[in-house]
Structure formats: C-alpha cells, structure tokens
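Please read the structure below before turning to the comments.
Values below: every heavy atom of this structure, side chains too, minus hydrogens, waters and symmetry copies.
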Amino acid sequence: MLKNATQTAIILLGAISGMTSCSNSNDTQPNIVFIISEDICPDLSCYGRTDLSTPNLDSLASEGVRYTNAFSTSPVCSPSRSAIMTGLYQTSFGAHNHRSDIGNLPDSIVPFTKLLRDAGYYTCNVVNPEYGDEKTDFNFSGENFFDGDDWKHRKPGQSFYAQISIYTTHRDKHWEGIENMVEKPVDPYKIQLPSYYADHLVNRLDWARYLNSIQFMDVQVGKILERIEKEGLKENTVVIFIGDHGRCMIRGKQWLYDSGIKIPLIVRWPKQINPGTINENLVSTIDITASILQIAGVEIPEVMEGKAFIKLQEAIRDEIFAARDRCDGVVDRIRAVRTKEYKLIHNFLPEKPYAQFGHYKEFFYPSIHLHRVLNAEGKLTDVQKSFLAKTKPEFELYNIISDPEETINLASDEEYSEILSELNQKLDSWIEQTGDKGKVLESDEFIEELLIKRNEKYAPLWKKRGINPHDPPEVQLDWWKDNLAYNDYFQNTDLKLENAVSENFKTIDGQKLYAYFYFPENYSSTNKLPAIVFFHGGGWRSGKSTQFTEQSKYLASRGIIAIQADYRTMLRDGVSPFECVQDAKSAIRWVRKNAARFRIDPNKIAAGGGSAGGHLAAACGMLTGLDDPTEDLKISSIPDALVLFNPVLNNGPEGYRYDLFGENYKKISPFHNVRPGEPPVILMLGSEDPHLSPEQAEEFQSSMKAAGNDCELRIYEGQKHGFFNERKGGYKMYATTVYEMDKFLGKYGFLEGEPTISLEP
C-alpha cells in the first residue's frame, strides 16, 4: 500500500500539467484526493492495454489529463513515498534504503501534509474497508502526518487533503482467487507478455492475477469517485491517481527499467483541466509535492528539489532520475537517467547479479523459478536468460523509442558513445548536486543482522508451504503450478488429439463444440459398446478437453468408447456455469442420439470428470432443467453411471463459488439435489481438497444412500485437488484412481474382467 507521502504528492502533479488556467477560479481552496495504487505500471485500458478492462479509470482520464511519461524516483515503495512526502530525492537525505529508519527529519525538511495543515487544510489518510488501507511506509520517524482517517471528520466547509492507498495491486497472498472477484477475469491466453518473459502458461497465469488485481482496484476507484460525486464535492475536488512504482514482476519492482519506475498518472480538476488531455512531458514523482502545494496556494520551500508544473504543454524536464539501493536484505546500488529517447543505467555493483537471493522475490515470484528451470533446459532466449546472468554490465544504454522493452544494450556500441557520455555526465552531476548518500553502503554487520531478521520472518511462511527457500527451482515451480491451478488452465481451441476422432456435436453463438473419441481395437466388429463422456476441470473458467486423455486411452483398451467433450467456458466465451451445464447435457444427449452411428449401447453411457468437470458430470445425472431448449428433450441427458474425481458438488453457503450463485445455488448444486433414482456414483477425493471436504463428501454419500442410490466414496489421505492426474499426484495416484474407476464400471456392466492397469510405474 501507499503511504502518506506518496499519496499527497501525486495529486497535484496530474492536475497541473493539463490546466487551462494558472489561477484557481473557485473561492475556496480545492479539495485534493490522492489515490495511490501499489506496484503498477500504466497497465490500464486508457493507456492502450487490451487484455483487461478499467472503465472507472478510463472515465477519470476522459475527464482530466493522462500523463504518458510519469516516473517514480525509486522502484520500491518506502524510498518512493519518502521522496514524495518531503519533495526531496530519497538519496538526498538518506531515505534511499528500503524499510530503513533515519529517525526524525531535520528541521529544514517538513512533510508537505504539515504545510497543507498550516494553510487550513484537513489532512487525512483514509481508512475504508471498501477501498482505503492505511499505510505510512516512510523511511523516517515522526508523528501526526495526518489529522485523521477520513475527510468526514473535518470542520464544516473546511478544505481537505485525502490520501487513499489501495493495497489490492500489491503482490501478496490475496492475489490467490482474485479472478473470482472480478466481473470478467482476464483470459491468460490473451495477455500481452513482454519479450523478456518466456511464453509459458505459468507466466500467463501469474500475469492474469496481476491484471485481475488491477481490474478489482478499478472497481475500488469507482467507489471513491462515486462517493465524491454523491457528497457534492466533484466540482471543487482535484483527484489524482498514481502508482507508487512499477509492476511487481521480474525486471519491474526493485529494478530501474521502465517496468520498475514508469507509472500511470491521471488527474481530474474540473474547470481547470481540459477533459481528455494527454500530456507527454517527462514528469517525476519528485515534482508532485511542489505541484500540490502550488494548487493549494502554499509557498514551496526552497529546500524542495521537485519542480511545480502548471501551464498546459509546458516542458518541465529534459530528463528524470531514479535510484535503487538496498531492498529488504538485497544490497545493490543502481542509478538511472532517462530522457524521452534514451535511458542510461549505471550499475555501481556490477559483480552482483540481477536476481540476487531475496526472500520476497523467491517467495512471491513464480517466474524466477520457472525461468531457472527453462534456462537449465536451454529453452530461454538470450533476452530472457540475461536476467539470470551472474553479473551485470556496469552501464546499460537503451533507445526507448526503438526498444521500449529495454532489451538491446547499446553501451558498448561506438555509434552511441557520445550519447552515453552525455547521459553519464548528467547522472554524475545529479549525484553530486543532490549529495547522493548511497555512495556509502550500510555496514556488513548491519546487513548480517537484517538478514537474520528476514530469515526469521519468512521461516514460518516457507514451512507452511512445505518447502524451503533453497529447494531446487523444480520443487519451487511444482508448488507454483499447484498454486496457480496450472493443470486446470489450458487453451481449449483447435485441439488435435493423437489417435482421436473429433465430431462437432454443437454450435452455439458461433462457437463449435467438439467431442473427441477413443475407440477400442475391436470397435469395427462390435455392436453396442458402452461409452463414457469426460468433462475437463478449470472452474468453469477455462481448461482443456485433453485432461482425461490417459484415462480415455486406458478405457478404450478395456473395450469402452471414451469421449472427451468440449463445453463453453467463462473466460473464453463469457458464459456462466449454468451454460456449462447446458452444454454438458447436450453432449450426453448427442451421444445417446447418435448411439447407433457410433455402435454405442444407449443404456450404457457413463459420464465422468474432475473438479468443475466432475460437477458437470454430476449435474447431468442429478439436476433437472438447465437444458438447451432447441434440442429434443425427449432424449435423456442422464448418464447411466457417474465417475467423479474431486468434483465440485456443493455450491451452497459452505461450498464452492457460492459468491457466484447466491440464492440460485440450489438450481446448480448436486449436493442439494439428491433424489431417488440417481445413477450410481463413485466419488474419489483427496482429504486436503479445498473445494469439497471429506465431511461434505460423506454427507453426500449418506444422502444418496438414504434416497436408495448407490454411491461409493474413496478418500485419499494427504492428497490435494487434482491428485488423480499423473502430472499432479504422480503415477501411483493416477493408477489407483483408474483402477477404482475400472472396478466400479465393471460392477455395473460396463467392463468385463479384472483391471489391466499396473499399480506400479
């Protein structure tokens, strides 16, 4: 989250550069609302991203000015916010090391909120469960930076400055499941990945979480703007939106590439800024403080190093400067100067790698572990593996115009020697003029004590994961695949299954749905074979119909026609789970309708699935309604047996995705629709499954038996969600569940003889 300092500074910056006038036309001082979203680049729709939606921020930009070249002074929060609160570069007064404490500020440096208070403003750091999370992450001590925690506490008619920090976009545990909190989750397959990221599903899923956090944050911003309007404050309130530094990704947060320091900056000031203004001037967060003070009519102290920028299209800077020093326990010293065309990065400790060990990155960045694994396998491009190099070049020079991702280092190119020399002189001059205190590193004894504290903080967190920070990257990556539901997310288009025959069983809204067949060897000489239709998992959001390929091949070898069926998904097709059920029923009905053509016994059609696919199989057997009205409903869509792998059965208040269904959960929850005459069921579940507890599974079994239905339950101790897949649970669990499926289907006449699968690899 954003601390007091950051928020204050940003408000003014945006408002000023798009002004239609230098004067304030209002009789009273304007209110200032400073919204700081943590850890984001300009990854908003109004900045041109097409893989997410940010309607509230887009609207704010349309009513004010959007800055396209705004940068933070540091790629990590506490130095950046310390600079904003004081109007000084963090390196100028010793606040450059992340989460350090230089004690009280000298008398010559005054937090700008105090200057606003002296001018009659009520200053507040807003705490609100819907959007505001208090955070004052300064690298100095002090008291009373704010008067309160909400502008509602001010005196009648008093102008106010409100800082609002939004933590949602900060990488942390709350990102898990963030896709379930937004109206339309980001499609991992449509994300625009930078070239320095391997195009791998793990990276796409991680980026999807980041972008979904931005979508959720946009909703929070909408609530703030709505409140301002409802309270009649809009016309005399300056709203500033900013990111405190760049995105929390490799080459982003903690590094001086644009992905670490380039930020969104949007300012709305009614009657002062022309709506829809786009400002391309270079702006630094160090300038925001002075600009806010100027908006409020407060004299800017001479000690401040920022520049107020007021007139529309007035050039403020020819270059911006940024600095990175110690982050947590990771020691480094990097400085950068950037113009509109070029950036020079000076690595003062080139012997240290980019990806030095640090608990925060090792714990929260799946891409680091993925790239290490891919690098060992020789699967990274030169650009992608450069981040893992053991050392850094002393200088990095980039042409921002032709190389916006900063991947082609021109520092050793003679053609650019003059540019390098010129920028290096600018950087050296800035370091000297501002008295850069990063020249003196912290003592080895201090760093050693700090590392001990960091280890103590993270030790229980690593233990909870069941791994340790120095486990091989393959182990770390396996954990992340499980955390990201990797095996449930697959592209579900243009599938080409080896040895499978595909049939288009349904076309709806232009989307073709396919059934993929695996036939037994004796298929051509046999009539009326049993069949089973599998549905893939993926939370109804996504997934791939090939999830049950190995099970299908095995059952085909045992004399069953095995089919894997498509259905529309939430991410790809924008449907709800109700339509997913409809498609699953269509698949069963279509197979039964075409039974003679495929030599299928219409009275021996089973259905199976895992996770949400298990829900769909169960829904076909247990739910009434939810049928496609265009089909012949006289043909039954009820399977003759159900094979369920860790299925989503309970969608009620204590079950999975009740937030999605609300009062309609009984229409779609198999758990709440047990009736006499249900098809026989085998339910295989891991004891650690997060979506269906063993107790709920046992209650379901009891309900089935009480209704006179057959229901076999197998609970596997210590197993998690998706354990039946060889990739997730290993061969033993895959073979065990296939063996149990075989025995169950044999019991009901789908198979003959003993299972042929080996329980040993």
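Partners of Phe93 according to the ring pair (Phe, Tyr, Trp, His ring centres under 6.0 Å) rule, which considers only residues two or more places apart in sequence or in another chain, do not exist here. Checked against side chain to side chain donor-acceptor pair (under 3.5 Å), Lys457 has no partners two or more places apart in sequence or in another chain. With sequence neighbours excluded, no residue forms a side chain to side chain donor-acceptor pair (under 3.5 Å) with Glu449. Partners of Ser141 according to the side-chain contact (heavy atoms from CB on, under 4.5 Å) rule, which considers only residues two or more places apart in sequence or in another chain, are Asp101, Asn104. Residues forming a ring pair (Phe, Tyr, Trp, His ring centres under 6.0 Å) with Trp175 (at least two apart in sequence, or on another chain): none. Applying the salt bridge (Lys or Arg N to Asp or Glu O under 4.0 Å) rule to Asp199 yields the partners Arg204; only residues at least two apart in sequence or on another chain are considered. For Arg66, there are no salt bridge (Lys or Arg N to Asp or Glu O under 4.0 Å) partners at least two apart in sequence or on another chain. For Lys453, the salt bridge (Lys or Arg N to Asp or Glu O under 4.0 Å) test picks out no residue, with sequence neighbours left out. Taking the side chain to side chain donor-acceptor pair (under 3.5 Å) definition, one finds that Arg335 meets it with Asp325, Asp436, sequence neighbours left out. Thr339 pairs by the side chain to side chain donor-acceptor pair (under 3.5 Å) definition with nothing, not counting sequence neighbours.
Sorted by first and then second residue, the ring-ring contact (aromatic ring centres under 6.0 Å, His included) pairs with a member in residues 410-446 read Tyr89-Trp430, Phe321-Trp430; sequence neighbours excluded. Sorted by first and then second residue, the ring-ring contact (aromatic ring centres under 6.0 Å, His included) pairs with a member in residues 371-408 read Tyr197-His371, Trp255-Phe387, His346-Phe395, Tyr354-Phe387; sequence neighbours excluded.
Atom-to-atom distance recorded for Met304:CE and Leu115:CG is 5.5 Å, nearest 0.5 angstrom.
Counting heavy atoms from C-beta on, the side chains of Thr289 and Thr86 never come closer than 4.5 Å. Proximity of Ile261 to Ile320: side-chain heavy atoms (C-beta onward) are separated by under 4.5 Å at one or more points.
For the ring-ring contact (aromatic ring centres under 6.0 Å, His included) with His174, the qualifying choice from Phe216, Tyr167, Phe364 is Tyr167, the only one to do so. Looking at His96, Glu442, His98 one by one, the single match for side chain to side chain donor-acceptor pair (under 3.5 Å) with Arg326 turns out to be Glu442.
Closest approach of Arg49 and Ile191 over heavy atoms only: NH2-CG2, 4.2 Å. Nearest heavy atoms, Glu305 versus Arg317: O-NH2, 4.1 Å. Closest approach of Asn347 and Glu396 over heavy atoms only: ND2-OE2, 2.9 Å.
Lys343 and Asp258 are joined by a salt bridge, as a carboxylate oxygen and a charged side-chain nitrogen come within less than 4.0 angstrom of each other.
Arg251 forms a cation-pi arrangement with Tyr196, by the criterion of a distance under 6.0 Å to the ring centre and an angle within 45° of the ring axis.
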